[in-house]
Asks: 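Handing you this structure, nothing more for now.
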Amino acid sequence: MRYREALNAALREEMTRDETVMLMGEDIGVFNGAFKVTAGLLDEFGDKRVRDTPISENTIVGMGVGAAMTGLRPVVELMTINFSLLAMDQIVNHAATIRYMFGGQVKVPMVVRMPQGAGHQLGPTHSHSWEALYLHVPGLLVATPTTAADAKGLLKSAIRDDNPVVFIEHEYLYGQRGEVPDDDDHTVRFGVAAIRREGSDVTVVGISRMALTAARAAKTLSEEHGIEAEVIDPRTLRPLDLDTILESVRKTNRCVIVEEGWPHGGVGANLAALVQEQAFDDLDAPIQRVTGADVPMPYSKPLEQIAFPHEPQVIDAVLATFGERTRP
Amino acid sequence: MRYREALNAALREEMTRDETVMLMGEDIGVFNGAFKVTAGLLDEFGDKRVRDTPISENTIVGMGVGAAMTGLRPVVELMTINFSLLAMDQIVNHAATIRYMFGGQVKVPMVVRMPQGAGHQLGPTHSHSWEALYLHVPGLLVATPTTAADAKGLLKSAIRDDNPVVFIEHEYLYGQRGEVPDDDDHTVRFGVAAIRREGSDVTVVGISRMALTAARAAKTLSEEHGIEAEVIDPRTLRPLDLDTILESVRKTNRCVIVEEGWPHGGVGANLAALVQEQAFDDLDAPIQRVTGADVPMPYSKPLEQIAFPHEPQVIDAVLATFGERTRP
Amino acid sequence: MAERVAQPAEQAGLPEPDVAREWLQAMMLIRRFEERAGEMYAKAKVGGFLHLAIGEEATIVGSTRALRDQDYLISTYRSHGHTLARGSDPDRVMAELFGRVDGLCKGRGGSMHMFDLDKRFMGGYGIVGGNLPLAAGFALASDYLGHDEVTLCQFGDGASNQGTFGETMNLAALWRLPVVFMVTNNQFGMGTALERHSAVTDLMRKGEGFGVPGMRCDGMDVVDTYNVTSEALRRVREERRPVLVEAVTYRFRGHSMADPEEYRTKEQVDEWRKRDPLAVFGDQLVEAGVLGEDEREAMDREAIERVDAAVAFADASPHPSPNALYDDIYVLGDQVRGWYSVDERTPTPHRGEDESAMNRADLPHAAEHGGGVAPKPADDAQRDED
Amino acid sequence: MAERVAQPAEQAGLPEPDVAREWLQAMMLIRRFEERAGEMYAKAKVGGFLHLAIGEEATIVGSTRALRDQDYLISTYRSHGHTLARGSDPDRVMAELFGRVDGLCKGRGGSMHMFDLDKRFMGGYGIVGGNLPLAAGFALASDYLGHDEVTLCQFGDGASNQGTFGETMNLAALWRLPVVFMVTNNQFGMGTALERHSAVTDLMRKGEGFGVPGMRCDGMDVVDTYNVTSEALRRVREERRPVLVEAVTYRFRGHSMADPEEYRTKEQVDEWRKRDPLAVFGDQLVEAGVLGEDEREAMDREAIERVDAAVAFADASPHPSPNALYDDIYVLGDQVRGWYSVDERTPTPHRGEDESAMNRADLPHAAEHGGGVAPKPADDAQRDED
Ligand SMILES: Cc1ncc(C[n+]2csc(CCOP(=O)(O)OP(=O)(O)O)c2C)c(N)n1
Ligand SMILES: Cc1ncc(C[n+]2csc(CCOP(=O)(O)OP(=O)(O)O)c2C)c(N)n1
Ligand SMILES: [Mg+2]
Ligand SMILES: [Mg+2]
């Protein structure tokens, strides 16, 4: 099943399971969704539960917050994470803050779904990876599913959870296939990392699509360099399963973090800080980060391709933790 | 001269120096500014150059971007950084991106000024410190002045610079006094850190108000623990003067970073990642971070006070780099 | 006033004597409560920003009295009056201002962020314009769940310039949501006069471009406000579409406690004070023989005493324990068992669920300050801003 | 059409023969250019999203021809036609679509982000509604500097629901800025029909609540569009206040290249196609004897040849060198000498100003892919989305 279909199944199952789950977003209904994640749901559940909205990101999210405070479980789709900046006030100053600010009198059980990622030449307003902006915020839960099974399991958990969840999908992953348990109650708990590949020489943490890039690099490292990398996909960044990463690093004594987003204040920066704090004496080399380039994503295909990480950069960073490099 | 007066002087001098410098913001004119930074400027320069705006953050900033593209040097004041989330799309998807996206055909010489910080019991919608959200973004310059002299010098540099600048002031610092060279051309260049105190035992990096907290802690550390801390204030986070920090760490072999904002993906995370990458072999202990608590800022005074760092936490973190702690 | 669809107050006359007295009593309580809140702020018992609605009591009481218990009310950072009018316990409202555990929000929100779920007062919000989408969300939920509540969303003239205004008007009209938007036109957004911040000053018309019809009431007249709001609520309930009501009123005090008020003349303030809603309505009742002067004074004394009691209660209520710092950020459960490793203030991963169990001494940041003992830096700043 | 303040086209009649021919020529160039762009997209010469304005040429040419050279034009991600109408070199527009160095934006922006400073085409923007505040900013600068340019801001019906619409209308009216807002009502925001996204479908009225008067033109009629826009520009210039013009038109093609168009009927599309602005205007000119059929065909051939040349030029233009990745992010100078230590992709601090000097092999990310050689992952995804 494709990642996109897994998300669609999760939405269908949770809507069937709970009458209060409803969807709002731009072109999610008649158009079946910009990336077809919501395909068929309008026909199946009707326009009371699947609502096409005007282009008003801040208000769509804010209405979701209000509805969540008064009995619904809204799942709001933003067409891409790039447009979520328009809704940032409602996500941070309202969704994430309301329960705490009002002394726990209400909860905000809502999900804001949105895809991110480069590679489609969508240019500087449509291609960014901003999970770092959201993991910064207390009160939010943040998920970045990589596989179809996690996409389904985490989305179901997100919908059932009583906290506001920022659910970050990936435009490249939508088309990727994966095994998905067809159990209606297959959920994946937040705060539990997945070990994608066991290895004893180096720990490679990959976020979202980069977990796949890391896995491919691991294969090459094993075949061509005799280095066995342990590949970890945190799956959720809030809560973060730091313990699994630390355990691995205590075993491998080396750590590389791979992300698609910008380097300054990115996910890698956060993990590197945490790992060196908690496993300082276990590290044989500096923690390496492989990140997107520190630029707005260009449209040009060759420029875009060198502006986010691929296998060679991961391999390079891993070798660097062994004091070697492929290039002079 | 107070920090607030230094900013006022910088605005006055630059407006006198350059006809195209103009101010826009909510209540900056007739009301003289929510924090009085723009006091008297409307009377002096008139309502063409000092403009009170409606409450429309996103559009005020966007108009600044447009005006900057066509010949003006707008300085836009947002009443506090908390409201800047409403303008995040214009700041990130427009101001920071336009020059690159359009192949360098235009520049966006504008400044977005806004204060941040806790301590006034302004509660969960008015007290946050979000420099980390902005240092993440390529295309922006980010300043966080601590002293009156830097407030003036950096603001003048920001106004004269041809890039979009996010200029982050601090509500507590507004009332603080400091020496300010009364030279009309006293500017402080971006990307040059200030060493607030020399020391050979530990490097303590403090951001904005926390540079003062760090300096106070350094005094106590010297007097009561015989530890000589070198206190560094980066002054700007983009560009970042990493070299000065690295030089210090190579000398002290210990590093503590103090910030007021949230811990996950904060400034400290970014600096810790950079320092361990560049000075791994020079570190005798894990880099320690002292940050605000991972919560929306509560109104209650005792809760608010324990939710952002004070001397004891800095002292504690420094001692921890020596393997000691004040508390069991 | 003009363009009013509802029956004008002067024709409608006064409500039943008991009702009229209760309205006056409610306005008196709000007035006295806010006067005392201001005094407590001067005494530093109350911190942060304090926005008083003195002068706007008729708008507050007239509109909330038109609501049924199940209807939702949502307002701004200027909402002591709204939560009191909804029936919140003055003790708990004052305790919130004092930042104490018995406050409506356990001291976490303060003056700008009141909330009382039991009374369906859905909050005061610090972000100007931020409450409009939430109100539409409440109305959406009511509609979706088939409940017949209506939401009353109160915001200011300045907020009508915020992007959420146009977005929310369009969505509420498009989806025919049961919500009454009330723009409390008190003539100023902070220090900016209406005509200096809004191109159209006839605020009731501001929603028309989005399909939201407008009505207007005299916000200094509790009866007129009640009548117009009632009519608006009826239309919304029956026609299933939003209405925008402009309440024309005036703020007698500064925007917040630190306001030199250089943006308006004493004369203008005096002119409006002549229309003090409490005085005007009280006189009406006395003239109409509904109320005796002595009775009126007794009601006022009662309000003062109620507020005295609230201050005593608030003062006696303890400050929140530092252990409460991490409470209520997340709903903990099987899914999120705690936000462990989501806070690195301590060299070992901070585990939220354990924190409540810790005693204060162990709390990383508690070392320096005992409950309520204010550290210097904050005080300096506070003084400087006052 | 109704509510039009300007003189109706049918009375105004046709413009001077040369002018009329030039308008038709401009529309033909845009039409042929976009048709070819679509073909190039199918051939994967063009990537990303491609939004064609086929059907909207009269709106584009009629409105831009009303501008003087010094006036500013700003549009959206659907603006090949706007930049061409402004006089941009078709070679460079096509090269931008191809993502090549000779593109208007050096291949950084692509179809959605055209920009030509020399022609005062101030850009196509990918964020719906994001260009309105910028337009007000241009107008503010013109006003401030005492220049008499006017700004024409083009956006879609769907964009009129964005918060920036209300905010910008209010500010432009309040500050009396010289800007004409043109909402290109092509009946849909992506797959959402006008009446399903906007409570008020009479879009020319949408600014009235903010003090911005409305006008409307037949966006399928180049003459009417020209006349109404000219009148709007005149009013704005003389009265120093914004005007909102609704251009009623239709998008013949899908929203972007990957659009099954399930949200509208073939019949509706055919109905509108009968009003194809090029056919209608061309026939008018032939009937009026301004143009001979052969001449008309010659003009069309000319357009086709011009586009052929543009494709050849674009194809011959090189891909940007990886060394250009870091160019133009910052204006470098004494203040910012480089963004050293602002990029940690490499284990040593990355120094922007050095990068241009490096040769490709040294470029961290260049290792894998040569210029233009597309790596698999992107391709998979691309295929999947198509
Ligand atoms: C988004 C945002 N911008 C600015 C502020 C600062 N601020 C607080 S109240 C206020 C004025 C609001 O005026 P109005 O809406 O008329 O309400 P009033 O204060 O008159 O009740 C401003 C600008 C804020 N709290 N939120
Ligand atoms: C802020 C934002 N939200 C959503 C999108 C995705 N999107 C691109 S075009 C479009 C429809 C816009 O419709 P309209 O304004 O009528 O312009 P048209 O495409 O019809 O020319 C949408 C929703 C976007 N680019 N930006
Ligand atoms: Mg007001
Ligand atoms: Mg459209």
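Lettering of chains follows the sequences in order, A, B, ..., and the numbering in each one begins at 1. It should be emphasised that the depicted structure is a prediction, and the values quoted were computed from it without experimental measurement. Computation of the quantities below employed the complete heavy-atom set of this structure, encompassing side-chain atoms and omitting hydrogens, waters and symmetry-equivalent molecules.
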Asks: Please assess Asn58(A) against Leu86(B) for the test side chain to side chain contact (heavy atoms under 4.5 Å, CB included), listing each intermediate value before the final yes or no.
Replies: CA-CA 9 Å; Asn58(A) 202 33; Leu86(B) 286 158; 3.7 Å; yes
Asks: Counting C-beta onward and ignoring hydrogens, is there a side-chain heavy-atom pair between Leu135(A) and Trp262(B) closer than 4.5 Å?
Replies: no
Asks: Atom CZ in Arg238(B), atom NE2 in His264(A): separation rounded to 0.5 Å?
Replies: 5.5 Å
Asks: Might you point out which heavy atoms bring Gly265(A) and Asn270(B) nearest each other, and give the distance in Å?
Replies: N-OD1, 2.7 Å
Asks: Show the nearest heavy-atom pair for residues Leu283(A) and Phe280(B), with the distance to one decimal.
Replies: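 In this case the closest contact between Leu283(A) and Phe280(B) is O-CZ, 3.5 Å.
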Asks: For residues Pro296(B) and Pro138(A), report the shortest heavy-atom separation together with the two atoms involved.
Replies: N-CG, 4.1 Å
Asks: Considering only heavy atoms and a distance below 4.5 Å, find which of Tyr299(B), Trp130(B), Phe83(B) pairs most often with chain A.
Replies: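 Looking at each option in turn, the highest pair count goes to Trp130(B).
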Asks: Run the side chain to side chain contact (heavy atoms under 4.5 Å, CB included) check on Arg289(B) and Leu274(A) step by step: do they pass?
Replies: CA-CA 10 Å; Arg289(B) 291 183 291 150; Leu274(A) 288 165; 3.7 Å; yes
Asks: Any donor-acceptor pair under 3.5 Å linking the side chain of Gln276(B) with the backbone of Ile287(A)?
Replies: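 The answer is yes, because a donor-acceptor pair under 3.5 Å joins these two groups.
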Asks: Heavy-atom distance under 4.5 Å to chain A: side chain of Ala285(B), backbone, both or neither?
Replies: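 Backbone only.
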Asks: Where on Val137(B) is there a heavy atom nearer than 4.5 Å to chain A: the side chain, the backbone, both, or neither?
Replies: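 Contact with chain A is through both the backbone and side chain of Val137(B).
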Asks: Counting only N and O atoms by type, is there a donor-acceptor contact under 3.5 Å from the side chain of Asn93(A) to the main-chain atoms of Asn82(B)?
Replies: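 At least one qualifying donor-acceptor pair exists.
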Asks: Between Met88(B), His136(B), Met101(B), who has the most heavy-atom pairs with chain A when the cutoff is under 4.5 Å?
Replies: His136(B)
Asks: Using a cut-off of under 4.5 Å on heavy-atom pairs, state which of Ile91(B), Leu133(B), Thr125(B) scores highest against chain A.
Replies: Leu133(B)
